[in-house]
Amino acid sequence: GEDVEQSLFLSVREGDSSVINCTYTDSSSTYLYWYKQEPGAGLQLLTYIFSNMDMKQDQRLTVLLNKKDKHLSLRIADTQTGDSAIYFCAEGDRQGGKLIFGQGTELSVKP
Amino acid sequence: NAGVTQTPKFRVLKTGQSMTLLCAQDMNHEYMYWYRQDPGMGLRLIHYSVGEGTTAKGEVPDGYNVSRLKKQNFLLGLESAAPSQTSVYFCASSPDSDYEQYFGPGTRLTVT
């Protein structure tokens with residue numbers, strides 16, 4: 001079945017770039033998503049990439065997609081303490097619009 | 001718009017008790033979802049609905065039932081709660097299968 005894998009923790013210093021990586025198994029996914037979860041809150045969509053794209057940039061966020069290796073990454077430039085959160089990668093399943101989530105990467109930004 | 005709301009925010013149950021979690025959305029979305037979030041496991045889909053009157057099983061449906069009698073509401077029921085159902089439950093909705101899902105704030109459920 002489909003599976004999405006992420007590393008669980010990442011720690012960076014304020015001002016550095018953060019790169020969160022994700023691998024997935026379902027090559028038929030139309031969209032791949034990055035969601036952000038702040039403490040005690042629900043998930044909010046950060047950005048997404050269509051499966052026929054290699055890269056998408058949105059202000060401080062850059063998403064890279066390597067379809068051959070089924071690898072997705074999220075780069076956050078100039079990381080701030082407010083970026084501390086859990087980041088989830090998800091792939092979209094067209095059957096009912098289901099999302100398959102990774103375990104989440106907890107990003108800790110130290111001043 | 002309130003978006004997606006969930007009731008209650010917190011609940012403690014004893015093993016064997018039953019309860020219903022309510023999810024409501026005011027965005028006229030067709031698709032609604034119930035997930036559970038456990039440490040180190042991400043979100044796992046329990047049940048989902050692609051429209052009023054329809055429901056389908058997700059990845060971890062055992063021990064849960066759902067109903068979608070009205071388009072704006074999606075109810076998740078636990079008939080006989082077990083400690084393994086201690087989790088944070090999230091509801092989400094989406095206008096269509098290729099659109100982002102909008103999440104509620106979550107319900108923290110503890111079963112003792």
Side-chain angles (χ1 to χ4, degrees), chain A residues 1-10 20-26 28-53 56 58 61 63 72 85-106, chain B residues 2-7 9-10 21 23-25 27 29-52 54-61 66 68 74 87-108:
Chain A
E2 301 101 343
D3 197 16
V4 180
E5 297 281 338
Q6 298 176 243
S7 54
L8 294 182
F9 300 101
L10 177 65
I20 302 172
N21 294 301
C22 170
T23 58
Y24 61 97
T25 56
D26 186 1
S28 67
S29 296
T30 307
Y31 290 95
L32 294 135
Y33 301 86
W34 285 103
Y35 279 82
K36 177 182 180 181
Q37 184 182 33
E38 295 184 352
L43 278 69
Q44 284 189 305
L45 181 69
L46 258 187
T47 187
Y48 66 92
I49 188 166
F50 191 52
S51 59
N52 68 354
M53 297 168 66
K56 180 179 180 181
D58 184 1
L61 305 177
V63 179
L72 182 73
I86 301 177
Y87 291 81
F88 290 93
C89 165
E91 59 174 346
D93 178 343
R94 290 188 68 93
Q95 290 184 344
K98 293 178 287 181
L99 293 179
I100 311 297
F101 285 89
Q103 308 94 314
T105 299
E106 184 174 348
Chain B
V4 180
T5 57
Q6 293 183 232
T7 311
K9 288 188 168 45
F10 303 94
L21 281 68
C23 175
Q25 53 94 4
M27 297 173 283
H29 285 172
E30 290 292 335
Y31 291 66
M32 296 187 75
Y33 310 84
W34 275 108
Y35 295 91
R36 60 177 288 173
Q37 182 179 27
D38 301 293
M41 299 188 75
L43 276 75
R44 292 180 293 168
L45 183 66
I46 304 171
H47 285 281
Y48 65 102
S49 168
V50 301
E52 182 180 314
T54 74
T55 63
K57 292 180 181 179
E59 182 186 353
V60 288
V66 287
R68 183 103 182 263
F74 195 29
S87 188
V88 181
Y89 291 85
F90 287 100
C91 175
S93 72
S94 176
D96 201 344
S97 59
D98 282 342
Y99 286 77
E100 78 171 276
Q101 292 184 15
Y102 295 80
F103 282 79
T107 295
R108 186 173 294 274

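Please read all numbers here as calculations on a predicted model, not as lab measurements. So that the names make sense, note that chain A is the first sequence line, chain B the second, and so on, each numbered from 1.
B/Tyr48 has its side chain within reach of A/Lys98: a pair of non-hydrogen atoms, C-beta onward, lies under 4.5 Å apart.
A/Gln37 touches chain B through its side chain: at least one heavy atom from C-beta onward sits under 4.5 Å away, while N, CA, C and O do not. Residue contact with chain A, scored on non-hydrogen atoms closer than 4.5 Å, involves the backbone and the side chain of B/Leu43 alike. Heavy-atom distances place no part of B/Tyr102 under 4.5 Å from chain A, backbone and side chain included.
Separation of atoms CZ (B/Phe103) and CG (A/Leu45) is listed at 9.5 Å; rounding is to 0.5 Å. A/Leu43 contributes atom CG, which lies 9.5 Å from atom CD of B/Gln101 (distance to the nearest 0.5 angstrom). If you take CZ on A/Phe88 and CD on B/Gln37, they are separated by 4.5 Å, rounding to the nearest 0.5 Å.
The local environment of OH in A/Tyr48 is sparse, with at most 12 non-hydrogen atoms from other residues, nucleotides or ligands closer than 6.0 Å. The environment of CZ in B/Arg44 is crowded: more than 12 heavy-atom neighbours from other residues, nucleotides or ligands sit within 6.0 Å. Counting heavy atoms of neighbouring residues, nucleotides and ligands inside a 6.0 Å radius, atom CD of A/Glu5 exceeds 12 of them.
A/Tyr31 places no side-chain N or O within donor-acceptor distance of the main-chain N or O of B/Glu100, the cut-off being under 3.5 Å.
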